[in-house]
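Let me begin by presenting the structure, written as structure tokens, before commenting on it.
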Amino acid sequence: MINPFEIVETIRMIDDENLDIRTITMGISLKSCAGGDIDVVCDKVYKKITTLAKDLVKVGEDIEEQFGIPIINKRISVTPVATLVDALDEPSEEKAVMIAKTLDRAAKTVGVNFIGGYSALVHKDYTNGERILINSIPDALASTDLVCSSVNVGSTRAGINMDAVKQMGEIVKKAADKTADTQGFACAKLVVFCNAVEDNPFMAGAFLGEGEGECVINVGVSGPGVVKCALEMAKGKDFGYVAETIKKTAFKITRMGQLVAREASKRLGVPFGIVDLSLAPTPAIGDSVAYILEEMGLEKCGAHGTTAALALLNDAVKKGGVMASGYVGGLSGAFIPVSEDAGMISAAKEGALTIEKLEAMTCVCSVGLDMIVIPGDTPASTISAIIADEAAIGMVNSKTTAVRVIPAPGKKEGDVVEFGGLLGTGPVMPVKRYSSEEFINRGGRIPAPLQSLKN
Amino acid sequence: MKAVVTVIGKDQKGIIAKVSNILYAHEVNILDISQTVMQDMFTMIMLVNFENNAVPFKDVTDALDKCGEEMGLSIHVQREEIFTSMHRI
């Protein structure tokens, strides 16, 4: 029999330290639904999703109950919808939005809480369908509840499509204005990527990539609270010890993810794809990545030393997690979504954490400038410039970076925006007041970077 | 299907009697049992087997949850694999 101390340790992690499986995400390919007639396409999309995912929520709940581990979200990711738009006869924004509404309806029918993949990959250039889909994003997000959208504007191999960067600044602004009554909530469902991954189970950036199969189960784990509690036992110890402690904890967390992924894949009869080893915070007290950094000895997240602390955390989580799962993928790293992390919210409110510091942090951790509320009067060109900066970090460092900012209409620095639920509370953070307009208006492409002579 | 029943709380009369009665009534067989005091808390751990999976898992968890509420104890029933996968390579 297993040692009683180990049993109690597991139970304590779940009950007191917020250990959970953040998401089981079913990837569904929509390639077989492509066609010329929009009504036929919508019909096929709806049928395929509601057939393949009909048991997803039930299986998730059964696993939760039998293993006693909470599974917070059950979600679906699909083939980038731009592929479908490209195949339509006389494609239009209205038709693209019809597909978004179909996705929304299918997601509601099967009971998942988000569906991702209203996406386009334009890191080098646009196709007609991709251009139409991107133009339709504000309408699509404003007229649906559960659809998430992402656009890949750059990659290490292709460089950065600065026309797309310029356009995405405008799209983010439009999406915010269209949902002004909910303080720009549509922007919380829109991610702009560089080096987007094909098997990410986390929203809002999940989509099923070109190299994926018909249907797949990907799982995202969580557990910042568990890491924080483990580090409380390591007070005053050196960094070698800190890294070891994080690795051991990450191993245990990931084993849970692996178990749930295998079990869900078996019960649903769908292949297991990957476990995403991310530390994803929630606004719940004790479930914060910022608190882990503070536990390492920083007075407040954002203080000098934060980037180094995050680099150690991110690396140790991966090292611990890799051995615990057969297949690791997705984004795999620590997330730093400001509005979703109690410690980051507090640091941002006090002014300890600024966008500049967050940008530095994104060089060493997963994803990028995430869930950051900025003043509503921020010009589109400034948002584009923020996207360009993040994409440059991703492109040069061969890593995924992303921007999910919310220019909350009518809000200014010092205000606080409440999104509720997992999306949390966002203090409005100041952006630079100097214009980037001329820079963004140049358009064209930033060439792919050199991959040698690295310094 | 094997599961682990964990009872944590203040020691009192009748814990084993009540829990094992519920298990018996739901055709769950007790394979092993141990109890200890951890950080001043009474902790009882049972390894059990759902014989032929005759009774739905949820019925057992619901009955034990109710018992736990009445006695002021925290009772968990979880399939054994969650512990073996976390703590054994």
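Bear in mind that the values here come from a model prediction, so they are computed numbers and not experimental data. Letters A, B, ... mirror the listed sequences (proteins, then strands); counts begin at 1.
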query = For chain A, which residues from residues 67-79 of chain B lie under 4.5 Å away (heavy-atom distances)?
reply = B/His76, B/Val77, B/Gln78, B/Arg79
key: Note, A/Met256 side chain near B/Ser85 side chain (heavy atom, < 4.5 Å)   = yes
request  = Under 4.5 Å heavy-atom distance to chain A, tell me which part of B/Thr84 shows up: side chain, backbone, both or neither.
outcome  = both
inquiry  = Show, in sequence, the C-alpha distance, side-chain angles and deciding distance for B/Met86 and A/Glu9, and conclude whether the side-chain contact (heavy atoms from CB on, under 4.5 Å) test is met.
reply    = CA-CA 10 Å; B/Met86 184 182 267; A/Glu9 182 190 3; 5.7 Å; no
Euclidean distance, A/Glu6 CD relative to B/Phe83 CZ, rounded to 0.5 Å = 10.5 Å
key: Heavy-atom pairs under 4.5 Å with chain B, option from A/Ile253, A/Asp15, A/Thr254, A/Ile14 with the top count   = A/Asp15
request  = Taking all non-hydrogen atoms of both residues into account, name the closest pair between B/Arg88 and A/Arg255 and its distance.
outcome  = O-NH2, 2.9 Å
key: Min side-chain heavy-atom separation B/Glu81-A/Phe67 under 4.5 Å   = yes
query = Are more than 12 heavy atoms from other residues, nucleotides or ligands located less than 6.0 Å from atom CE of A/Met323?
reply = no
inquiry  = Let's go through B/Ile89 and A/Phe251 carefully: what are the C-alpha distance in whole Å and the side-chain angles of both, what is the deciding distance for side-chain contact (heavy atoms from CB on, under 4.5 Å) to 0.1 Å, and is it a yes or a no?
reply    = CA-CA 10 Å; B/Ile89 296 177; A/Phe251 176 83; 3.8 Å; yes
note = Rounding to 0.5 Å, atoms CZ (B/Phe50) and CD (A/Gln66) come to a distance of 8.5 Å
ask   = Could you state the interatomic distance from CD1 (B/Ile45) to CG (A/Asn3), rounded to the nearest 0.5 Å?
value = 8.0 Å
query = How about residues 259-268 of chain A versus chain B: which residues have heavy atoms under 4.5 Å apart?
reply = A/Leu259, A/Glu263, A/Arg267
note = Which of A/Ile63, A/Ile7, A/Ile11, A/Ile69 passes side-chain contact (heavy atoms from CB on, under 4.5 Å) with B/Ile82? Answer is A/Ile69
task = Tell me, for A/Asp62 versus chain B, whether the close heavy atoms (under 4.5 Å) come from the side chain, the backbone, both or neither.
result = neither
